[in-house]
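Keep in mind that this is a model prediction, so the values were computed, not measured. First listed ligand is number 1; within each ligand, the first listed atom is number 1.
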Amino acid sequence: MNQGHLFLPASEGLRGTVEVPGDKSISHRSILFGAVSDGPVVVNGFLESADTLATVDAVRALGVSVEFVGSGHVVVHGVRWEGLREPEDVIDVRNAGTLMRLLPGLVAASPFLTVLRGDESIRRRPMSRVLRPLEAMGARVWGRKGNTLPPVGIMGGPLRGCEHHLAVASAQVKSCLLLAGLRASGTTLVVEPGVSRDHTERLLLSGGARLQRTAEPDGSVHITVEPMEALGLREIMVPGDLSSAAFLIVAALIVPGSAITVQKVGLNPTRTGLLAVLDRMGARLAVSVYDDAAPEPTGSIQAEYRSLSATDVTPEEVPLLIDELPLWALAAAQASGTSRLRGAAELRVKESDRLAAVTEALRALGVTVTEYDDGLDIVGRPGVWTGAAIRARGDHRVAMLGATAGLASSEGVHVDDVECIDVSFPGFADTMEVLSSPGGDR
Ligand code: S3P
């Protein structure tokens with residue numbers, strides 16, 4: 001049974017300094033890339049959430065041992081690609097889209113059958129974008145509805161390097177094909193039409209992969225990889241997840257009296273699109289980077305309440321804040337003027353149809369929203385919302401959007417499913433409580 005919760009107003013604002021759990025994207029990659037390294041890989045700051053634990057179970061099913069040695073500290077005993085074994089059963093990725101997209105690439109050259117299933121949301125996620133190019137490289141693939149939907153099967157085998165031109169900028173698709181490319185003969189080229197998060201490239205480079213990434217004048221990104229036997233990762237530091245911090249930051253921006261700091265958070269420039277957009281809206285944000293040279297730049301963000309003004313999010317910006325767009329819509333609902341989002345059709349195939357979910361949630365709050373195939377128009381109305389009942393649709397980010405709206409309301413917002421928040425931000429309600437309770441960490 002899913003549990004509902006009423007998120008109450010933070011009538012005195014949010015105040016204090018907090019850290020957020022580890023980055024979900026980097027945590028998934030640490031386990032997957034650690035599995036094909038040539039020995040133990042120590043992961044610090046690992047996110048222990050429903051999604052990333054599905055990835056741990058998946059590599060265990062492939063014969064890799066993973067040890068939890070303390071909170072956020074994990075050792076992955078890498079076995080190189082050669083050491084991966086055929087799973088005895090179907091692998092259940094549960095709600096983890098990143099696992100569903102990356103794992104087929106990891107096993108595409110392994111001479112055995114891997115079958116992947118997932119929950120109701122996963123069964124609606126398009127898979128031909130990874131299955132078709134893997135087939136072109138030489139893997140045999142199966143999927144429901146003509147190889148387009150999960151469950152999927154991959155029978156690995158000898159792969160040849162290919163050129164892949166992606167229809168949309170997608171870090172998941174890019175990562176899948178780069179992983180397969182590391183085990184293909186010759187060079188594999190992936191061309192993305194725009195910039196998407198580059199955690200895979202950074203980690204593969206630090207694991208010794210021969211990878212080259214060039215940004216072209218037309219905005220596209222070309223990435224090549226050459227074959228290798230095993231990655232040489234030793235230690236991975238996972239920063240706090242900016243996508244989780246984003247909820248605290250937006251809450252502080254829209255709840256009067258707020259001033260918060262989030263520390264040790266990832267500031268990879270391919271993830272900070274929300275900060276740039278909020279800056280245009282007049283947000284009071286101070287960002288400081290601790291170490292720019294580290295594989296993943298990390299730092300702190302201070303956010304204070306301030307009235308916001310509308311802005312448009314352009315199609316080129318979309319991949320840089322893809323997971324924060326529902327939350328941006330909430331900030332836009334509190335900004336003066338009409339904000340427009342276009343080029344975001346990908347939001348329809350995330351954990352839920354996020355354009356529909358956001359439209360429904362904002363309308364429940366009394367906000368005027370027009371929904372388009374690939375975006376939204378949001379008529380901002382600064383001021384306190386009364387309250388609402390919001391349907392999370394099993395989507396962690398929609399549930400946290402509802403919670404954030406509740407803090408800025410006068411009577412609270414009821415969210416019908418809060419268990420799904422554990423997919424990315426275990427401890428979310430406690431963190432919000434600390435920031436919003438008088439006498440908390442101030
Ligand atoms: C992710 C990439 C994004 C994002 C998802 C995580 C990743 O998807 O929405 O939550 O870890 O690679 P796409 O870039 O594939 O759209």
A.B. asks: Under 4.0 Å between a side-chain nitrogen and a carboxylate oxygen: does that hold for D323 and K24?
C.D. replies: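 Salt bridge absent between D323 and K24.
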
A.B. asks: Would you kindly say whether H396 and S424 are connected by a side-chain donor-acceptor distance under 3.5 Å?
C.D. replies: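 H396 vs S424: donor-acceptor pair found between side chains.
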
A.B. asks: Examine the side chains of S352 and R393 and answer whether a donor and an acceptor come within less than 3.5 Å of each other.
C.D. replies: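 There is no such pair between these side chains.
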
A.B. asks: Less than 4.0 Å between a side-chain N and a carboxylate O, is that true for E371 and R348?
C.D. replies: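 E371 and R348: salt-bridged.
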
A.B. asks: Does the side chain of T200 come under 3.5 Å of the side chain of S175 through a donor N or O and an acceptor N or O?
C.D. replies: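 Yes - a donor-acceptor pair under 3.5 Å links their side chains.
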
A.B. asks: Can you see whether S170 engages R129 through a side-chain donor-acceptor pair at a distance of less than 3.5 angstrom?
C.D. replies: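 No donor-acceptor contact under 3.5 Å links the two side chains.
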
A.B. asks: List by chain and number: which residues place a heavy atom under 4.0 Å from ligand 1?
C.D. replies: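 Shell around ligand 1 (4.0 Å, heavy atoms): S25, R29, T98, S170, A171, Q172, R197, I322, D323, K350.
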
